[in-house]
Amino acid sequence: MIYNKSSKENGFTLVEVLVAAAIFGTLMVAITGIFISALRVEKGVLSSKKVLGQISYAAEYMTRALRMAEKDQTGLCVRDVPLGSGIYANYESIVESEIIFKNALQDGDCQRFFLEDNQIKYETSPGVIVELTSSDIIVENLKFEISGETEGDDLQPFVTIYMEAYAEKSISKLKIQTSVSQRNLDINY
């Protein structure tokens with residue numbers, strides 16, 4: 001039998017096909033792993049972006065309102081400090097995750113920012129509560145630190161807000177701190 005040498009070189013052996021299939025399978029597993037990893041990173045970035053957006057909005061909203069606080073000389077919103085002294089306060093924080101003040105821009109309405117059910121909420125009038133953050137975001141910590149809240153301390157009212165939040169399926173927490181001073185001068189009147 002006469003064999004044509006050129007026809008024998010055109011085919012693949014079983015070993016060559018198995019090696020090629022193994023290399024192709026390994027490459028597909030590696031590429032799939034990289035793709036899945038990239039999707040997880042993207043999901044984490046999107047959830048962090050969502051947390052940042054909502055916490056930034058809440059911080060901006062609270063600082064704008066707190067900047068316009070005024071003394072409550074009636075004692076209906078913010079009590080005089082100490083009670084019955086006639087020294088009026090701009091802000092009141094009975095617990096560190098809540099602040100109460102009289103907002104000059106809201107017709108002197110009493111406003112309250114607080115943390116409830118892992119959401120930042122505010123109350124503009126008794127019983128009217130609005131959520132500043134959605135239930136998708138878990139606000140783990142909200143603190144208000146007040147300095148210079150009364151007219152007799154010779155300090156301009158100043159509030160520092162601390163927040164710590166994360167998305168439900170995220171492993172990283174976002175921590176934000178911002179400070180705001182009252183726009184109107186704190187003088188005796």
Side-chain angles (χ1 to χ4, degrees), residues 1-68 91 93-101 103 105-106 111-124 127-147 158-181:
M1 253 209 241
I2 300 174
Y3 290 104
N4 188 351
K5 187 176 183 183
S6 64
S7 66
K8 187 176 181 184
E9 291 179 5
N10 288 338
F12 297 104
T13 65
L14 181 60
V15 173
E16 290 173 333
V17 170
L18 289 175
V19 168
I23 291 172
F24 179 76
T26 304
L27 284 175
M28 291 309 296
V29 167
I31 290 170
T32 303
I34 291 170
F35 181 72
I36 290 171
S37 176
L39 287 176
R40 286 183 184 146
V41 168
E42 180 187 25
K43 186 176 180 181
V45 167
L46 290 175
S47 68
S48 295
K49 184 178 176 182
K50 184 177 183 180
V51 172
L52 180 61
Q54 287 195 30
I55 293 300
S56 295
Y57 170 77
E60 180 69 21
Y61 188 88
M62 288 188 291
T63 56
R64 285 184 182 205
L66 289 168
R67 186 173 289 122
M68 296 310 298
Y91 307 105
S93 181
I94 299 169
V95 294
E96 65 181 11
S97 63
E98 172 181 281
I99 191 166
I100 303 168
F101 62 99
N103 192 334
L105 286 181
Q106 301 291 327
Q111 285 191 323
R112 176 174 74 113
F113 292 109
F114 59 99
L115 181 65
E116 182 180 74
D117 299 327
N118 293 323
Q119 288 182 284
I120 299 175
K121 300 179 180 182
Y122 76 96
E123 182 176 20
T124 54
V128 180
I129 296 175
V130 179
E131 299 169 346
L132 281 178
T133 57
S134 73
S135 59
D136 297 342
I137 304 300
I138 297 169
V139 181
E140 191 172 85
N141 199 357
L142 175 67
K143 293 182 184 177
F144 297 97
E145 188 176 296
I146 305 169
S147 64
F158 192 80
V159 177
T160 301
I161 306 168
Y162 303 98
M163 292 181 276
E164 193 172 324
Y166 60 94
E168 286 186 20
K169 296 179 181 177
S170 176
I171 56 172
S172 62
K173 292 181 184 176
L174 180 65
K175 297 178 182 181
I176 292 181
Q177 174 183 331
T178 188
S179 298
V180 61
S181 65

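- Shown here are the side-chain contact (heavy atoms from CB on, under 4.5 Å) partners of N141, two or more places apart in sequence or in another chain: K143, E164.
- With rounding to the nearest 0.5 Å, the separation of CZ in R67 from CE in M62 is 12.5 Å.
- Interatomic distance, CD1 of I31 versus OG1 of T26, reported as 11.0 Å (0.5 Å rounding).
- Side-chain contact between Y91 and V159: present, with at least one pair of heavy atoms (C-beta onward) separated by less than 4.5 Å.
- Under the side-chain hydrogen bond (donor to acceptor under 3.5 Å, both in side chains) criterion, E96 pairs with no residue at all, not counting sequence neighbours.
- Applying the side-chain contact (heavy atoms from CB on, under 4.5 Å) rule to L52 yields the partners S56, L174, I176; only residues at least two apart in sequence or on another chain are considered.
- For residues 45-61, the set of pairs meeting the salt bridge (Lys or Arg N to Asp or Glu O under 4.0 Å) definition, not counting sequence neighbours, comprises K50-D136, E60-R64.
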Table please: side-chain donor-acceptor pairs of residues 11-22 below 3.5 Å, with sequence neighbours left out.
{"from": "T13", "atom 1": "OG1", "to": "E16", "atom 2": "N", "distance (Å)": "3.3"}
{"from": "E16", "atom 1": "OE1", "to": "T13", "atom 2": "N", "distance (Å)": "3.0"}

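- In this structure, E131 has no salt bridge (charged side-chain N to carboxylate O under 4.0 Å, His left out) partners at least two apart in sequence or on a different chain.
- Contacts of R112 classified as side-chain hydrogen bond (donor to acceptor under 3.5 Å, both in side chains), with partners at least two apart in sequence or in another chain: E98, E123.
- With sequence neighbours left out, L39 forms a side-chain contact (heavy atoms from CB on, under 4.5 Å) with F35, E42.
- Applying the ring-ring contact (aromatic ring centres under 6.0 Å, His included) definition to pairs two or more places apart or across chains, those involving residues 43-63 are Y61-Y122.
- Under the side-chain hydrogen bond (donor to acceptor under 3.5 Å, both in side chains) criterion, S37 pairs with no residue, sequence neighbours left out.
- The side-chain hydrogen bond (donor to acceptor under 3.5 Å, both in side chains) search around S179 returns T160, not counting sequence neighbours.
- Taking the centre of each ring, F144 and Y162 stay at or above the 6.0 Å mark.
- Counting heavy atoms from C-beta outward, V139 and I55 have side chains that approach closer than 4.5 Å.
- Under the side-chain contact (heavy atoms from CB on, under 4.5 Å) criterion, V128 pairs with T124, S125, sequence neighbours left out.
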Might you work through the side-chain contact (heavy atoms from CB on, under 4.5 Å) test for N103 and L66, ending with a clear yes or no?
-> CA-CA 7 Å; N103 192 334; L66 289 168; over 6 Å; no
Taking it one step at a time, do S135 and Q119 satisfy side-chain contact (heavy atoms from CB on, under 4.5 Å)?
-> CA-CA 7 Å; S135 59; Q119 288 182 284; 4.1 Å; yes
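- Atom CE in M163 sits 9.5 Å away from atom OG1 in T133 (nearest 0.5 Å).
- Using a 4.5 Å heavy-atom threshold, the side chains of I129 and F114 count as touching.
- With values rounded to the nearest 0.5 angstrom, F113 atom CZ is found 8.5 Å from I99 atom CD1.
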